[in-house]
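One structure below.
We number each residue from 1, following the sequence as shown. Because only heavy atoms are used, hydrogens play no part in the values below, and waters and symmetry mates are left out as well, while side chains stay in. Computed from a predicted model, the values in this text were never measured in an experiment.
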Amino acid sequence: MSEALPRRVIVMTGATSGVGAYALGNFLKRPRTRVIVGERRPHRYSPTRAEVLPLELGSLASVRAFADAVKRQLGEQHIDILVLNAGLHGSAADERSAEGYGLTFAVNHLAHFLLARLRLPHMALHGRLVITSSNIHDPPMKRIAPKSLDIAEWAHPTPNGSGVGIRSYTASKLCNLMTALSFSRLEEAKALGIRVIAFNPGPTGGSSGRDASALQVLLVRIMMRTIFPVIGLFRPEFVMNTAEHSGKMLTDVALGMIEPPADRVYVSLVKGKPTFPDPSELARDRQGQDRLWRESEAMVGLHSEPAIA
C-alpha cells in the first residue's frame, strides 16, 4: 500500500538561521507535512525531513530555476503555504545582484516578488502566502525612514543614497509590505482563495542570513541591546522578542492558528503578541503599490500584468 500523500506542502525561503530556522523546526514536527526549502548552499544544510533545493536570491535566473525545480518536485501536488522569509539587513552601493540591481532590494523584494508570481498559479485552494516584513518599514528614526517611493535609487543605489545600508533595509521591508497588500487584491489570488499576510517578527537580535560578517553580527547585537530597549519605551513594537518565540509566531501565522481580521493583511508582534495594525501611510498608498508592482514586473521580466482590484 503506497504512503498517503502529505496533507500539507510548505515552500520556504530563509530557513537556515534565526526566526526562519525555528519556524522550519516547528513545521517539521507536524505530521504528514512536506517542506521544501530554498538554500544558497544546499550541500551544507540538511535538516531532518526537509527537502532542500538550490536558490540564490541575488539571481533572478536562480529564482526561476528554483520555481521550476519546485514544480518538478511536487508533480501533481500544490503548495499549501508559501513562506518568503529570507532577507538581508542592508548592503553597500557597489553590492549588486546578478542582474545589476541593489543587492538588498534584489534579495528582499524582487526575488520574492518573482517567486510568488511564478508559484501562485500552483498554490492550493485556500492556501496561504506569508511575506516577512518588519516594523522597520516605519522606523522611529525618521532619518532612515523611506520618505517616498525612490524605486530607481533602491534598484540602482548610489553612495549615501536611500538604497544603501540600513536605509536599503527599511526600503525593502516597505516593498515587502506593499507587495503583500497588492497580492491581497490580486484577482488570481482571490480566485484561489489565497490568504496573504505580511508578518513582522519584531526585533530579535538576528543578523543577515547571507554570510554576515562578525562585525555585522556584533553591530546588530549592540543596537538590539542598547538602542532598541530605549526605543521600546515609547514604541512598544520595537521591544525585543526571542528568535524562538518569533519563529513560533511565524509558524502559527503560516498554519492559520493566528488569523488577522478579514480586512487586515499585516500581523505585527508587539511585546511578543500578535497585533493587526495599519501599515505606514506610505505602505497603504494604492497608487504607490501599483507603481511598485509595475516597475517590479519590468525588472524581473514579467510582461503580463494580472488584474489587481
Side-chain angles (χ1 to χ4, degrees), residues 84 87-90 102 104-105 108-110 112-113 116 129-155 157 160-186 189-190 195-203 227-228 230-239 241 246 249 253 258-271 273-297 299 305 307-309:
L84 305 179
L88 290 173
H89 282 174
T104 297
F105 181 75
N108 294 9
H109 168 60
L110 288 180
H112 286 140
F113 173 80
L129 168 60
V130 181
I131 302 174
T132 298
S133 183
S134 173
N135 50 18
I136 204 72
H137 84 277
D138 185 21
M141 298 81 77
K142 295 305 177 187
R143 187 177 64 84
I144 65 172
K147 297 173 178 59
S148 62
L149 282 190
D150 200 1
I151 299 174
E153 170 63 29
W154 301 340
N160 302 316
S162 63
V164 300
I166 185 62
R167 296 183 71 189
S168 68
Y169 180 65
T170 63
S172 71
K173 295 294 102 178
L174 173 68
C175 291
N176 290 153
L177 197 38
M178 297 179 82
T179 297
L181 289 164
S182 292
F183 268 107
S184 72
R185 296 187 285 114
L186 193 66
K190 289 181 177 180
R195 187 64 160 110
V196 182
I197 297 174
F199 173 69
N200 162 42
I227 298 174
F228 277 84
V230 176
I231 293 172
L233 295 175
F234 60 94
R235 289 283 296 270
E237 67 269 31
F238 285 92
V239 171
N241 302 311
S246 292
M249 294 295 100
V253 167
I258 294 175
E259 187 66 43
D263 62 343
R264 297 280 167 162
V265 169
Y266 189 35
V267 178
S268 177
L269 294 189
V270 176
K271 294 185 176 180
K273 296 181 180 180
T275 66
F276 315 107
D278 285 325
S280 70
E281 183 177 355
L282 183 55
R284 299 196 309 271
D285 181 68
R286 286 281 294 269
Q287 289 186 338
Q289 292 168 20
D290 292 344
R291 178 185 158 209
L292 178 64
W293 184 278
R294 292 192 304 270
E295 295 191 27
S296 298
E297 273 199 323
M299 283 185 264
E305 182 174 343
I308 299 180

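Contact detail for Leu177 and Pro279: the closest heavy-atom pair is CD2-CB, 3.5 Å. Contact record, Asp285 with Gly288: OD2-N, 2.6 Å, taken as the closest heavy-atom pair. Between Phe105 and Cys175, the shortest heavy-atom distance links the atoms CE1-SG, 3.9 Å. Residues Ala283 and Leu181 share a closest heavy-atom pair of O-CD1, 3.4 Å. Nearest heavy-atom pair, Ala180 versus Val196, reported as atom, atom and distance to 0.1 Å: O-CG1, 3.4 Å.
Heavy-atom contacts from other residues, nucleotides or ligands closer than 6.0 Å to CG of Asn160 number 12 or fewer.
Looking at Phe199 and Leu269, their side chains come closer than 4.5 Å, going by heavy atoms from C-beta outward. Between Pro146 and Leu282 the shortest side-chain heavy-atom distance falls below 4.5 Å. Side-chain contact between Arg185 and Asp290 is present, with at least one heavy-atom pair separated by less than 4.5 Å. No side-chain heavy atom of Pro274 sits under 4.5 Å from any side-chain heavy atom of Val253. No side-chain heavy atom of Asn241 sits less than 4.5 Å from a side-chain heavy atom of Pro201. In this structure, Tyr266 and Pro277 have side chains that are in contact, with non-hydrogen atoms separated by less than 4.5 Å.
Here Arg286 pairs with nothing under the salt bridge (Lys or Arg N to Asp or Glu O under 4.0 Å) rule; sequence neighbours left out. A search for salt bridge (Lys or Arg N to Asp or Glu O under 4.0 Å) contacts involving Glu259 returns Arg128, Arg195, not counting sequence neighbours. When the salt bridge (Lys or Arg N to Asp or Glu O under 4.0 Å) test is applied to Arg284, no partner is found at least two apart in sequence or on another chain.
Between atom CZ of residue Arg167 and atom CD of residue Glu153 there is a gap of 8.5 Å, rounded to the nearest 0.5 Å. In this structure, OG on Ser268 lies 11.5 Å from CG on Asp278, to the nearest 0.5 angstrom. Rounding to the nearest 0.5 angstrom, the gap separating the CG atom in Leu174 from the CD1 atom in Ile136 is 12.0 Å. Distance CD1/Ile166 to CZ/Arg143: 10.0 Å, rounded to 0.5 Å. Atoms OG1 and CG, from Thr104 and Leu88 in turn, are 4.5 Å apart once rounded to the nearest 0.5 Å. Rounding to the nearest 0.5 angstrom, the gap separating the OG atom in Ser182 from the CZ atom in Arg291 is 13.0 Å.
Using the six-membered ring where Trp is involved, Tyr169 and His89 have ring planes that are perpendicular, over 60° apart on the 30 and 60° scheme.
The closest donor-acceptor contact from the side chain of Ser296 to the backbone of Trp293 lies at 3.5 Å or more, if one exists at all. A donor-acceptor distance shorter than 3.5 angstrom exists from the side chain of Lys173 to the backbone of Thr132, with no hydrogens or angles considered. With hydrogens and angles ignored, the 3.5 Å screen pairs no side-chain donor or acceptor of Asn135 with any backbone N or O of Asn200.
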Given Asn176 and Ser133, is the side-chain hydrogen bond (donor to acceptor under 3.5 Å, both in side chains) satisfied, shown in steps? CA-CA 6 Å; Asn176 290 153; Ser133 183; 5.1 Å; no
Please determine whether side chain to side chain contact (heavy atoms under 4.5 Å, CB included) holds for the pair Thr179 and His112, giving the CA-CA distance in whole Å, both sets of side-chain angles, and the decisive distance to 0.1 Å. CA-CA 9 Å; Thr179 297; His112 286 140; over 6 Å; no
Verify side chain to side chain contact (heavy atoms under 4.5 Å, CB included) between Leu149 and Glu295, making sure each step is shown before the conclusion. CA-CA 11 Å; Leu149 282 190; Glu295 295 191 27; over 6 Å; no
Working for side-chain hydrogen bond (donor to acceptor under 3.5 Å, both in side chains), residues Trp154 and Ser168: CA-CA 7 Å; Trp154 301 340; Ser168 68; over 6 Å; no
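Ser172 and Asn108 share a donor-acceptor pair across their side chains, judged by distance under 3.5 Å alone.
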